[in-house]
Structures are given as C-alpha cells and as structure tokens.
Amino acid sequence: MKIKILFFAIYKEITGTAKLELEVPEKTDGLKLQEILEQKFPDLIKLRGVGKLAVNLDYSPMETVLEDGDEVTFIAPVSGG
Amino acid sequence: MKIKILFFAIYKEITGTAKLELEVPEKTDGLKLQEILEQKFPDLIKLRGVGKLAVNLDYSPMETVLEDGDEVTFIAPVSGG
Amino acid sequence: MHIKITSEKLDTQKLIEMVEDDGAGAIDIFLGVVRNNMKGKKVISLDYHCYEAMSQKKLEEIVNETYKKFDVKNIAVEHRIGHLQIREASVVIVVSSAHRGASFEACRFVIEEIKKKVPIWKKEYFEDGETWVEGYSPDVP
Amino acid sequence: MHIKITSEKLDTQKLIEMVEDDGAGAIDIFLGVVRNNMKGKKVISLDYHCYEAMSQKKLEEIVNETYKKFDVKNIAVEHRIGHLQIREASVVIVVSSAHRGASFEACRFVIEEIKKKVPIWKKEYFEDGETWVEGYSPDVP
C-alpha cells in the first residue's frame with residue numbers, strides 16, 4: 001500500500017524533503033514506519049522519541065496501523081503562539 | 001473657613017448644582033458637612049450611607065476634619081470600566 | 001505609563017503601539033464595551049460622568065501598583081466619558097510583558113481596580129427612562 | 001468563529017470588529033509578539049513554519065472547545081507564519097463575552113492550547129546562527 005509522508009521543521013531539514021510517497025507493507029504501524037524512514041535517512045535516529053505521530057491531521061499513538069492513502073507526519077515539539 | 005464642594009452623578013441631580021463654595025465652622029468633619037448639606041438640600045437624606053467622602057482627591061473617613069480650602073465631594077457607588 | 005480620560009472615540013491600535021517594547025513577547029488588551037442590556041432590560045445608550053481630577057489620580061495609583069505587583073513592560077489606559085452607543089468601547093487597557101502570564105494578570109487587575117476605585121458613573125438610557133448604575137462602593141481607608 | 005493562518009501582517013482592529021456583538025460587554029485580546037531575546041540570547045528575527053491543514057483543524061477544535069467551556073459570544077484567531085521581525089505579532093486571539101471574566105479566561109485558554117497542540121514551529125535567528133525552538137510535546141491520545 002502507498003502512504004504520503006510529510007516532513008516539517010527539523011524533520012524537513014534532516015531529510016531534505018517536504019513530502020514523500022512511500023510503498024510500505026500492509027499493517028505497517030508508526031513504529032515500523034519510523035524504522036523504514038531511519039533506513040532511508042539515518043540522521044532521523046537523532047529524533048527518536050522526540051516527534052509524535054500524526055495520521056490524517058490527528059495525533060495518533062505510534063502503534064497505529066496505517067492504511068492505504070494515509071497522510072502521515074512526525075510532529076516535533078511545537079512552538080507556535 | 002471656606003471649602004469647595006463638588007457634586008457628581010446622582011448628587012449633582014439631587015442638588016441641581018455641580019459646585020458650591022461654602023463657609024463652614026472650624027473643625028467641621030465629613031459627618032457635620034453631611035448635615036449642613038442635608039439642611040440645604042433635604043433630598044440628600046436619601047443618599048445617607050450611600051456615598052463615600054473624598055477630600056482633595058482621596059477617599060477619606062467621614063470623621064476627617066476639613067481644612068480651609070479643601071475640595072470635598074461624596075462619591076456614590078462607582079460604575080466605570 | 002499612559003493614562004487618559006477623554007470624550008473621543010478610543011483608539012486601541014494607538015495604545016498597542018504605545019506599549020510596544022523590544023523585550024515584550026506578549027500584549028493583553030481589555031476593552032469594556034457598551035452592551036444592549038442590563039439585567040435583561042434593553043439599553044439604548046449611556047453616559048459616563050466622572051470626577052476627572054480624582055479619576056486621573058486614582059488611575060495613576062492603580063497603574064503604579066500594577067507595575068509593582070506584576071512583571072510588565074508598559075501599561076496604557078484610556079477611559080471614555082460622555083455619551084456612548086452600543087458596541088462602543090468605554091475603557092481600553094493595554095499591557096505588554098516579556099511572558100504572557102503577567103500581561104493577562106495585570107490587565108485583569110487594572111480593570112478590577114478601576115471598577116472599585118475610579119470615580120466614574122454610568123447612566124443608562126432605556127426605552128422608558130434612565131437610571132444611574134449602582135456599582136462598587138469604594139473602600140475608605 | 002474566525003480562524004486563519006496567514007503570511008500577512010495581522011490586523012487586530014479587523015478581528016475586534018469581527019467579534020463585536022450587541023450583547024458583548026467585554027472583549028479580551030491577546031497578541032503574541034516577537035521579542036528580542038530568548039533566554040538572554042539576542043534574537044534578530046524568526047520564521048514560523050506550520051503544517052497548515054492540521055493547524056487549521058487543531059485551531060478549530062480548540063475554538064470549539066472554548067465555546068463549550070466558557071460563556072463567550074465570538075472568538076477570532078489568526079496565526080501568522082513566515083518571516084517576522086521584532087515587535088511583529090505572531091498570533092492574535094480576540095474573544096467577546098457579556099461579562100469580563102469569560103473573555104479573559106477563554107482568551108488565556110486559547111493561547112495555552114495553541115502552544116500545546118497546534119503544529120507550528122518557530123526558528124529563531126541569532127547573530128551567530130539559528131535554532132528550532134523546542135516547545136511543548138503534544139499529548140497523543
């Protein structure tokens with residue numbers, strides 16, 4: 001299945017990209033996706049435990065099983081306002 | 001001695017005046033002044049206990065002894081803001 | 001510190017510019033506004049009357065106390081007097097501070113103190129008459 | 001409800017007009033402003049980046065929750081993104097209510113929630129470099 005991954009702020013700087021369409025195995029969850037991305041972008045290991053998963057515009061536990069077409073991102077600590 | 005008395009809001013409506021220069025005996029305090037004014041403007045009796053004394057721009061106890069040239073007023077419950 | 005009692009329309013933007021400070025990260029602004037009812041009775045308009053010299057003095061005392069109590073940068077306060085229509089602002093309080101907590105708390109403190117201590121009186125006009133609004137009775141030392 | 005994420009300069013006066021209501025007696029306004037230092041280090045300017053679709057959604061959720069929790073009339077919120085200079089406003093929150101307590105409390109609630117939940121990130125530029133500001137780590141259900 002295919003998911004859309006967005007990168008913002010420090011994630012965007014580290015990966016050098018804002019958006020990625022990725023083919024992942026069925027039943028991939030947030031933890032598994034994190035591993036897949038760390039293989040593609042080894043520097044992402046620095047951000048382990050820092051970012052929170054968001055799926056389709058909502059914060060979601062890392063154990064969330066992703067579905068085809070999901071829009072996924074990792075949210076570094078926010079500093080708006 | 002001579003004091004200046006100002007009337008605001010409900011006091012001004014009842015007395016029909018904004019300002020009064022009044023000759024009063026030495027050692028007149030707020031309570032005595034109240035009586036003197038009630039003789040001049042009998043309707044002021046309605047406001048007994050309602051207004052607070054102010055002397056020279058500060059709230060002052062009714063027992064405050066007035067001095068020559070003081071600017072005195074009675075402050076009805078305030079409703080600014 | 002900027003304090004003014006005026007019969008002109010209040011200009012919030014002007015007061016915001018007055019409190020700006022390179023070290024301020026937060027500005028809180030409070031507007032008191034004329035609303036169309038008082039305890040369910042329809043208000044048409046109102047008049048604010050004041051003892052101007054004493055109001056000016058009490059506002060200065062309140063603002064000085066606020067500077068002492070809260071870690072704020074600048075405070076600006078204007079109170080309008082005279083005849084006001086529904087939706088018009090009667091008071092504007094603007095406070096800047098490094099961190100947001102102080103702005104909120106100081107701004108709230110200023111309006112609460114104004115309502116207790118400043119000799120300003122509101123007269124409300126209804127369809128069938130008018131009345132002096134009974135507010136706070138100031139504490140006397 | 002008015003919510004907007006924009007790269008244009010924020011217009012406080014426009015937002016005040018949006019929340020006006022004949023029954024409102026109070027309006028509280030909060031401005032988040034760029035200040036010239038972060039923990040003592042001199043800030044030259046900064047950039048706000050955001051995940052716009054999710055920020056819009058989270059702002060809507062926050063404002064809806066605020067309407068439920070507090071007795072307010074109207075709420076308007078704008079957050080600026082992009083490059084900002086010292087003294088420029090990054091966020092403006094405007095709340096109208098019949099009585100003043102609700103405006104103050106609701107306005108404070110909105111800014112606290114924004115700082116916890118909305119995916120916006122601040123990058124500060126110093127004389128000798130730049131850094132992403134570490135803020136709140138959002139709760140995950």
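- The distance from atom CG of A/Leu6 to atom CD of D/Glu52, rounded to the nearest 0.5 Å, is 12.5 Å.
- Atom NZ of A/Lys12 and atom CH2 of D/Trp132 lie 8.0 Å apart (nearest 0.5 Å).
- Between A/Asp58 atom CG and D/Lys57 atom NZ the span is 3.0 Å, to the nearest 0.5 Å.
- Contacts between A/Ile75 and chain D at a heavy-atom distance below 4.5 Å involve backbone atoms as well as side-chain atoms.
- Within the 3.5 Å criterion, the main-chain N or O of A/Phe8 finds no donor-acceptor partner in the side chain of D/Trp121.
- When all heavy atoms of D/Pro138 and A/Lys52 are compared, the pair lying nearest together is O-NZ, 2.9 Å.
- The OH atom of A/Tyr59 sits 7.0 Å away from atom NZ of D/Lys58, with the distance rounded to the nearest 0.5 Å.
- In this structure, D/Lys42 places its NZ atom where only 12 or fewer heavy-atom neighbours from other residues, nucleotides or ligands lie under 6.0 Å away.
- Judged by distance alone, the side chain of D/Ser90 and the main-chain N or O of A/Gly81 form a donor-acceptor pair under 3.5 Å.
- Ranked by heavy-atom pairs shorter than 4.5 Å toward chain A, the options D/Val118, D/Ile93, D/Val77, D/Ile114 are led by D/Val118.
- Surrounding CG of A/Asp43 are more than 12 heavy atoms belonging to other residues, nucleotides or ligands, all under 6.0 Å away.
- Rounding to the nearest 0.5 Å places NZ of D/Lys123 at 3.5 Å from CD of A/Glu13.
- The OG atom of A/Ser79 sits 8.0 Å away from atom CE of D/Met38, with the distance rounded to the nearest 0.5 Å.
- Environment of CD in D/Glu130: crowded, with over 12 heavy atoms of neighbouring residues, nucleotides or ligands closer than 6.0 Å.
- Within a 6.0 Å radius of CD in A/Glu23, other residues, nucleotides and ligands contribute more than 12 heavy atoms.
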